[in-house]
Amino acid sequence: MPELPEVEVTRLSFADRIAGARIVSARLGKPLRWPMGVDPASLAGRTVTGVRRRGKYLLLDLDEGLLLLHLGMSGSVSFAPTQPPPGPHDHFDLATSRGVLRLNDPRRFGAVVHAPSEDSPEARKLLGRLGVEPLGPDFDPRVFHVALRQRRAPIKQVLLAGDVVVGVGNIYASEALFLAGIRPTTSASRISLERATRLHAAVRDVLARAVAKGGSTLRDFSNAHGESGYFQLEAMVYDRAGEPCRACGTLVRRLVQGQRATYWCPTCQK
Ligand SMILES: [Zn+2]
């Protein structure tokens, strides 16, 4: 599943090239997760003014309104001067004066939604409950700590829920908790300011490293389809159950929280 770093690297792969492009036509394939909310033909003539990211949404700003793209479980986006004829999994093409933006999504959990503005009900329905951006200036250790104090759920699940801080997926939550030395089962409300500050830094660190790693393989990623676009960090604990912890040698354990696998070191994480 594309996570925040993959979505950010996708954004970086075409944002500069598409900015300023005029839309020639738009084509929808099979239905995606949500309806687009506008006749694709009505997009012709508008200009793409830029591409931003909010959580795992790509926001294509137009001179009038915006398009919200979500990659779902298996989506990938490519932008090229020309594209081959659409295949069975190519469900959205945006032809512009600078190239064709294409969404390939075999499982069709992705979406392209039009909204008149970022404050419109259409956009707020998707973006309104998202927590702060982990790589942005609003993600502050003290504010983070205050938010955690109000949650009794295990910290791993609070991170995944996305309403405190957005876009920290399963791998990155496991890795950040390891780096911060915090057990994934710890109630969020019981994490001290000192430990919340460590976790804040760890979340930023794992995500920023993943973006940097993805950036170095940008060409491969932007041409990838489905899961081949996924880049793995050198994981400290994730998917390493029964293997020795890279820091202390204790065997890494696995548990399931909210139907998601969690990996942790019982010695390094308290
Ligand atoms: Zn350890």
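For ligands, and for the atoms within them, numbers begin at 1 and follow the listed sequence.
Hydrophobic clustering places Ile182 together with Phe144 (ILVMFWY residues linked when any side-chain heavy atoms are closer than 4.5 Å, directly or through intermediates).
Residues passing the salt bridge (Lys or Arg N to Asp or Glu O under 4.0 Å) test with Arg240 are Glu243, sequence neighbours excluded.
Near-neighbour remark for the Zn ion (ligand 1): protein N, O or S atoms under 2.8 Å are Cys245 SG, Cys248 SG, Cys265 SG, Cys268 SG; waters not counted.
Other residues sharing a hydrophobic cluster with Leu130 under the 4.5 Å side-chain heavy-atom criterion for ILVMFWY residues are Trp34, Tyr57, Leu59, Leu66, Leu68, Val113, Leu126, Leu127, Val166.
Cys248 and Cys268 make their closest contact through SG-SG, 3.8 Å (heavy atoms, listed as atom of the first residue, atom of the second, distance). Minimum interatomic distance between Lys30 and Pro88 (heavy atoms only, all atoms of both residues): NZ-O, 4.4 Å.
Among pairs with a residue in residues 155-168, those fulfilling side-chain hydrogen bond (donor to acceptor under 3.5 Å, both in side chains) read Arg151-Asp163, Lys156-Asn170, Lys156-Thr262, at least two apart in sequence or across chains.
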